[in-house]
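Working notes for the structure below.
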Amino acid sequence: MAEEAGTAAAAGESGRMTMVVALDESEHSYYALQWTLRHFFSADGQQQQYRLAVVNAKPTAASAVGLAGPGITRGAADVLPFVEADLKKSSMRVIDKARELCAQVSDAVFEVVEGDARNVLCEAVERHHAEMLVVGSHGYGAIKRAVLGSVSDYCSHHAHCTVMIVKKPKPKH
Amino acid sequence: MEEKGAAEAAAMSGGEAGAEASAGMKVAVAVDASEESLHALAWALDNIVVRRGVSSLVIVHAQPGADHYVYPVAAHGIAIAYAPAAAIESMRKAQDEISRKVVSRALDACKQREASVNATGAILEGDAKEAICQAVEEMHADLLVLGSRGLGKIKRAFLGSVSDYLVHHACCPVLVVKPSKAHDK
């Protein structure tokens with residue numbers, strides 16, 4: 001279920017390059033969006049060469065509840081509507097904040113797509129015919145990455161376009 | 001591991017980077033002898049330099065240290081590493097030649113496309129992953145561009161992936177350029 005806030009025009013028109021930026025609620029992805037805006041969409045009179053598509057992947061309510069643990073499955077059906085409403089709210093918050101940040105971008109599309117982040121992002125790249133995907137990174141170590149899974153890892157291997165992974169620099173450097 | 005090239009790269013691009021630090025960004029592109037890295041450089045030039053906000057472009061090439069060519073030799077059941085000094089010297093010279101060719105091929109690609117970018121080359125010695133990581137940190141690059149051989153999961157685990165390592169350990173954002181679809185198997 002994709003709610004598109006703008007038209008997704010055909011890529012290649014007027015020679016612009018499409019960039020998909022992945023967004024979730026974490027600080028890391030906002031940082032990635034801000035970094036991208038700062039370096040690729042600066043509004044200093046320069047004609048903007050890129051088209052921006054901001055994609056938020058909203059997990060399905062069932063998968064979110066499943067993650068909480070096996071003990072919850074019995075009451076799961078009751079909890080689902082609340083979980084769904086909460087997820088929708090948080091996606092809206094993410095998109096609103098993104099809209100604010102991208103105020104000066106002339107050609108920006110904002111989407112919320114339901115599903116697992118990995119697949120959502122790869123599919124969004126195909127849909128927009130994007131030349132580049134930008135993801136933040138939680139900076140997990142090898143073990144956390146193996147246990148929690150890493151969207152940025154998956155995307156960098158499976159997306160069909162160039163992938164840029166933006167990490168928040170560690171403060172102690 | 002000595003990085004004889006990194007110091008000279010820092011000196012060369014230090015002046016330019018200082019002048020335009022606010023306006024542009026400093027992009028480092030890692031190259032080796034493979035086609036994919038040249039493709040990555042071409043992609044970066046076409047899609048990022050187009051923006052014209054790039055203050056400097058640094059081509060980094062990591063040359064494997066001569067230690068790679070020292071093989072253990074079993075003599076009477078005892079394995080020792082034997083490498084005559086002359087062999088090491090000639091290996092090193094051959095490596096230098098190759099590195100120079102790789103970097104100059106990359107610089108040529110830059111010149112062909114865009115005359116307005118200051119492109120400099122740097123040759124680093126040692127293990128590719130760590131050398132590039134350190135160089136990027138020292139030169140305060142804003143972005144690192146890499147090619148990717150498009151290895152599957154298993155090959156990646158065995159052969160090691162420089163791009164994987166750099167994505168996790170580099171201090172700046174990393175851009176991984178995939179081989180174009182024509183090369184996909």
Side-chain angles (χ1 to χ4, degrees), chain A residues 15-19 21 28 31-36 38-51 122 125-126 129-142 144-146 150 152-173, chain B residues 22-27 29 36 39-44 46-55 133-134 136-138 140-157 161 163-184:
Chain A
R16 276 181 170 198
M17 189 180 105
T18 310
M19 266 199 221
V21 179
H28 303 269
Y31 178 81
L33 177 61
Q34 284 167 328
W35 193 95
T36 309
R38 203 182 336 139
H39 286 99
F40 289 92
F41 291 92
S42 56
D44 53 353
Q46 211 177 27
Q47 182 202 21
Q48 285 179 1
Q49 305 276 354
Y50 307 96
R51 207 182 288 123
C122 292
V125 161
E126 306 275 314
H129 303 288
E131 278 83 19
M132 189 149 110
L133 170 66
V134 182
V135 293
S137 161
H138 289 275
Y140 289 153
K144 261 191 178 169
R145 201 180 278 270
S150 170
S152 58
D153 257 4
Y154 183 91
C155 288
S156 68
H157 299 170
H158 291 88
H160 289 144
C161 66
T162 302
V163 178
M164 180 156 77
I165 297 167
V166 181
K167 289 197 317 264
K168 232 176 156 174
K170 296 200 179 79
K172 65 179 161 104
H173 274 336
Chain B
S22 54
M25 69 174 167
K26 190 164 188 188
V27 179
V29 183
E36 283 85 13
H39 169 71
L41 176 64
W43 192 96
D46 289 336
N47 291 291
I48 300 186
V49 175
V50 152
R51 183 185 168 264
R52 283 172 227 287
V54 176
S55 65
C133 210
Q134 215 165 333
V136 159
E137 200 169 323
E138 278 167 20
H140 301 293
D142 291 309
L143 181 66
L144 172 64
V145 180
L146 304 171
S148 160
R149 283 179 290 177
L151 299 175
K153 265 197 210 136
I154 305 199
K155 271 191 181 166
R156 201 179 281 271
S161 170
S163 57
D164 256 3
Y165 181 91
L166 286 171
V167 161
H168 300 171
H169 293 91
C171 62
C172 69
V174 177
L175 189 85
V176 176
V177 181
K178 297 296 181 57
S180 57
K181 297 224 167 79
H183 295 278
D184 273 351

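Predicted model only: the values in this text are computed from it and were never measured. Just so we're on the same page: letters track the sequence lines, and every chain starts at 1. Values below: every heavy atom of this structure, side chains too, minus hydrogens, waters and symmetry copies.
To the nearest 0.5 Å, atom NE2 of residue A:H158 and atom NZ of residue B:K178 are 8.5 Å apart.
Between the A:K167 side chain and the B:V174 main chain, no donor and acceptor come within less than 3.5 Å of each other.
With A:M164 as the partner, the side-chain contact (heavy atoms from CB on, under 4.5 Å) test is satisfied by one option alone out of B:L175, B:L144, B:V176, B:V177: B:L175.
Comparing A:L133, A:I165, A:V166 by how many heavy-atom pairs each has under 4.5 Å with chain B, the most go to A:I165.
Annotation for A:E131 and B:W43: closest pair O-CZ2, 3.4 Å, computed over non-hydrogen atoms. Residues B:D142 and A:W35 come closest through the heavy atom pair O-CZ2, 3.1 Å.
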